[in-house]
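To start, the structure under review is shown below, and the notes come after it.
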Amino acid sequence: MSQNNGILIVGASQAGVQLASSLRELGYAAPVTIVGAERHAPYQRPPLSKGFLQGLVTAETLAYRTRDFYEKHNIDLVLSERIVSIDKGPDGAGVATAASGRRFAFDRLALTTGARPRKLQIDGAELEGVLYLRDADDAEDLKTRLERARNVVVVGGGFVGLEAAASARKLGKTVSVLEAAPRLIGRAVGEATSEFFLGAHRARGIDVTLDARIVRFTGDAQGRVAGVELEGGCTVPADVVLVGIGVVPRTELAEALGLACGNGIVVDEHSLASDGTTVVAGDCANLPNPLPREGAPERLRLESVNNAVEQARNAAVTITGTRVAYRMVPWFWSDQGDLKLQMAGLSAGHDQVVVRGTVSEEKFSVIYYRAGRVIAVDCINNPVDFMAVKTLLAKGLNVPAERAGDSGVPLKKLMADLEPAS
Ligand SMILES: Cc1cc2nc3c(=O)[nH]c(=O)nc-3n(C[C@H](O)[C@H](O)[C@H](O)COP(=O)(O)OP(=O)(O)OC[C@H]3O[C@@H](n4cnc5c(N)ncnc54)[C@H](O)[C@@H]3O)c2cc1C
């Protein structure tokens with residue numbers, strides 16, 4: 001029973017804002033309301049661990065859109081309201097209630113609730129100065145504390161941890177990274193790339209410990225963090241500890257609605273949740289692999305700007321009537337100090353690796369193959385190769401491994417005379 005309440009988008013960030021603007025681009029004429037729990041107008045998160053920490057960009061420059069944009073496109077942006085419950089009928093319409101008691105009626109629901117940092121539950125976790133980095137307030141707090149800090153410990157050698165570690169190092173801090181796994185960024189890149197980043201960060205003065213077993217955070221008499229104790233008794237001094245051990249998708253509203261969840265809110269290739277009406281996009285979604293192939297996971301959760309934007313666009317298409325299967329080449333970037341890593345495709349299940357370029361010059365690519373076909377690439381300070389492989393994957397082309405290693409010949413040229421995938 002539609003009452004022209006339009007769509008309610010819960011979560012005002014990359015995916016939510018993209019969904020609203022794509023809906024308007026596609027001619028969606030009903031009301032569009034975005035409700036976000038944060039007090040800031042929607043902003044880009046990637047610079048928070050990079051330029052923002054280093055003082056190169058200010059918070060004001062990070063907003064996606066000006067205030068005028070929302071007015072001009074008749075998008076009602078409501079900030080500082082956290083939705084805590086939703087009643088919804090089988091037709092998809094319902095009412096959401098915020099913690100303040102404010103109610104939002106809708107004909108169609110979208111969940112773009114993102115993710116929260118995974119917490120490290122050990123002794124001393126509550127000490128002042130043990131921090132996480134997900135939003136602008138976290139970043140502001142970290143930045144302020146970094147100004148006074150000498151010793152910075154980063155727990156977790158994933159993207160956010162290494163980016164923040166590199167930023168702190170650029171600010172002249174003594175930086176230690178403690179990683180529980182035997183290699184850095186192990187969930188996302190292959191061994192050659194991990195090995196490179198280990199050497200490169202160490203060469204820049206960051207102390208990296210792999211296979212680190214953290215026992216507790218130690219504190220001073222004022223309840224401030226003072227160190228990180230490792231198995232074996234050694235304690236790394238710390239004025240600030242940043243914990244970057246991954247994120248957990250925000251699924252609580254979806255679970256309460258009875259939607260299928262499991263490492264995110266389960267959606268189909270049209271970005272529809274299990275009720276067939278609610279659309280979901282971004283870090284909170286568990287989706288069918290948008291670049292399916294043998295040996296790759298059938299479903300996954302992608303934590304990237306690229307996925308948040310593209311999946312939100314797909315959700316907008318679904319809402320406006322057409323159904324287009326969500327297909328795209330996943331890609332990601334990570335700036336770690338002066339090192340730019342760009343990745344395209346998914347390397348899971350690779351059986352061959354070709355390194356192209358010179359590792360010692362810190363400009364090279366690691367190309368992943370499966371059964372003789374390119375499936376992914378990690379490019380270090382090498383945007384030309386990144387663009388080439390992204391295009392290659394999108395077009396289903398291939399470059400044989402025996403030719404790809406010749407960095408004297410541009411990949412684009414090697415691709416030019418190659419056949420489409422069978
Ligand atoms: C420090 C940092 C650096 C990053 N760097 C990169 C990078 O270099 N490259 C890259 O591709 N990606 C990067 N990312 C990841 C990227 O920012 C995310 O993939 C992207 O923000 C996902 O967007 P989203 O809209 O799905 O979720 P989010 O950005 O997590 O936004 C979800 C929003 O929903 C709100 N919300 C949740 N529940 C409710 C509720 N019940 N009521 C109201 N509002 C709610 C949250 O407050 C939040 O504002 C980085 C992330 C961080 C934190």
Side-chain angles (χ1 to χ4, degrees), residues 8-20 33-53 62 64 77-86 96-100 102 104 109-118 131-140 142-143 154 156 158-167 185 188 242 244 246-257 264-265 271 280-287 301-312 315 330-336 339-344:
L8 175 67
I9 302 171
V10 182
S13 184
Q14 192 85 58
V17 172
Q18 183 63 52
L19 175 55
T33 306
I34 314 180
V35 179
E38 293 184 63
R39 63 194 171 95
H40 307 280
Y43 58 89
Q44 310 162 55
R45 292 183 204 280
L48 296 180
S49 48
K50 311 174 180 85
F52 178 77
L53 277 191
L62 300 185
Y64 295 128
L77 175 65
V78 182
L79 301 175
S80 304
E81 293 281 8
R82 177 172 295 282
I83 300 298
V84 289
S85 70
I86 302 176
T97 307
S100 65
R102 191 164 161 190
F104 300 88
L109 178 66
L111 296 174
T112 53
T113 47
R116 59 164 67 81
R118 176 172 290 120
L131 308 177
Y132 292 83
L133 178 53
R134 181 70 192 177
D135 62 29
D137 290 342
D138 296 338
E140 193 70 58
L142 176 60
K143 187 167 186 287
V154 175
F159 290 122
V160 170
L162 291 179
E163 289 173 3
S167 295
I185 341 175
L242 174 66
V247 296
V248 179
R250 289 186 190 265
T251 56
E252 52 276 11
L253 292 173
E255 284 171 40
L257 281 169
I265 308 168
S271 310
V280 179
D283 281 19
C284 65
N286 180 305
L287 61 150
R301 209 165 54 71
L302 292 166
E303 295 163 12
S304 70
V305 165
N306 157 246
N307 177 63
V309 168
E310 294 303 329
Q311 207 188 8
W331 61 268
F332 189 81
W333 83 94
S334 171
D335 296 336
Q336 302 177 21
L339 300 168
K340 179 178 268 307
L341 168 65
Q342 292 168 296
M343 302 151 57

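Just so you know, ligand 1 is whichever comes first in the structure, and atom 1 is the first atom listed for that ligand.
Applying the 4.0 Å criterion to heavy atoms of Gln14 picks out, from ligand 1, the atoms 23 (O), 25 (O). For ligand 1 and Glu38, the ligand atoms under 4.0 Å from any heavy atom of the residue are 47 (O), 48 (C), 49 (O). Atoms of ligand 1 found under 4.0 Å from any heavy atom of Arg250, numbered from 1 in the order shown, are 37 (C), 38 (N). Residue Ser13 has at least one heavy-atom neighbour below 4.0 Å for each of these atoms of ligand 1: 25 (O), 28 (P), 29 (O), 31 (O), 32 (C), 33 (C). Using a 4.0 Å cut-off to heavy atoms of Val305, the atoms of ligand 1 that qualify are 10 (C), 11 (O), 12 (N), 19 (O). Near Ser304, meaning under 4.0 Å from any of its heavy atoms, are these atoms of ligand 1: 11 (O), 12 (N), 19 (O). Interface of Val35 with ligand 1, defined as ligand atoms under 4.0 Å from a residue heavy atom, comprises 43 (C), 44 (N).
When hydrogens are left out, the protein atom nearest atom 25 (O) of ligand 1 is Ala15 N, 2.9 Å; that is the closest non-hydrogen contact. What sits closest to atom 1 (C) of ligand 1 on the protein, heavy atoms only, is Ser49 OG, 3.6 Å. Looking from atom 13 (C) of ligand 1 to the surrounding protein, the closest heavy atom is Pro46 CG, 3.8 Å. The closest protein non-hydrogen atom to atom 34 (O) of ligand 1 is Gly11 CA, 3.2 Å. Shortest contact from atom 37 (C) of ligand 1 to any protein heavy atom: Thr113 O, 3.2 Å. At the top of the distance list for atom 12 (N) of ligand 1, counting protein heavy atoms only, stands Phe332 CE1, 3.4 Å. Of the protein's heavy atoms, Ile83 O, 2.9 Å lies nearest to atom 41 (N) of ligand 1. With respect to atom 17 (O) of ligand 1, the closest heavy atom belonging to the protein is Arg45 CB, 3.4 Å.
Relative ring orientation between Trp333 and Trp331 is described as tilted, the plane-to-plane angle lying within the 30° to 60° band.
Of the N and O atoms on the side chains of Ser80 and Glu38, not one donor lies less than 3.5 Å from an acceptor on the other residue.
Between Gly282 and ligand 1, not a single N/O pair is under 3.5 Å apart. Residue-to-ligand polar distances place Arg134 within reach of ligand 1: an N/O pair is separated by less than 3.5 Å. Considering backbone and side-chain N/O atoms, Ala37 comes within less than 3.5 Å of an N/O atom of ligand 1.
Put simply, the side chain of Val10 reaches to within 4.5 Å of the side chain of Leu253, judged on heavy atoms. You'll find the side chain of Arg45 reaches within 4.5 Å of the side chain of Asp135, heavy atoms only. Between Ile34 and Pro42, the closest side-chain pair of non-hydrogen atoms is not below 4.5 Å. In this structure, Thr112 and Val17 have side chains that are not in contact, with every pair of non-hydrogen atoms separated by 4.5 Å or more. In this structure the side chain of Thr97 never reaches within 4.5 angstrom of the side chain of Ile86, judged on heavy atoms.
Residue contacts with ligand 1 leave out Gln44, since none of its heavy atoms falls under 4.0 Å from the ligand. Between Gln18 and ligand 1 there is no heavy-atom distance shorter than 4.0 Å.
Salt bridge Lys340/Asp335: present, at least one basic N to carboxylate O contact under 4.0 Å. A salt bridge links Asp137 with Arg39; the closest basic N to acidic carboxylate O contact falls under 4.0 Å.
Using modelled atom types, one side-chain atom of Tyr64 and one backbone atom of Gln14 make a donor-acceptor pair closer than 3.5 Å. Of the possible donor and acceptor atoms, none in the side chain of Gln18 sits under 3.5 Å from a partner among the backbone N and O of Ala312. Distance alone, capped at 3.5 Å, is enough to place a donor-acceptor pair between the Arg134 side chain and the Ala115 backbone.
Rounding to the nearest 0.5 Å gives a distance of 12.5 Å between OH of Tyr132 and CZ of Arg116. Summarising the geometry, atom CD belonging to Gln44 is positioned 5.5 Å from atom CG belonging to Leu62; distances are rounded to the nearest 0.5 Å.
At a heavy-atom distance under 4.0 Å, atoms from both the backbone and the side chain of Asp283 approach ligand 1. The proximity of Leu253 to ligand 1, defined as any non-hydrogen pair under 4.0 Å, is limited to the side chain. With a heavy-atom cut-off of 4.0 Å, Ala115 touches ligand 1 through its backbone alone. When non-hydrogen atoms are compared, ligand 1 lies under 4.0 Å from the backbone of Glu303 (N, CA, C, O) but not from its side chain. Contacts between Trp333 and ligand 1 below 4.0 angstrom, taking non-hydrogen atoms only, involve backbone and side chain alike. Only side-chain heavy atoms of Val10 come within less than 4.0 Å of ligand 1; its backbone N, CA, C and O stay farther off.
For Phe52, there are no ring-ring contact (aromatic ring centres under 6.0 Å, His included) partners two or more places apart in sequence or in a different chain.
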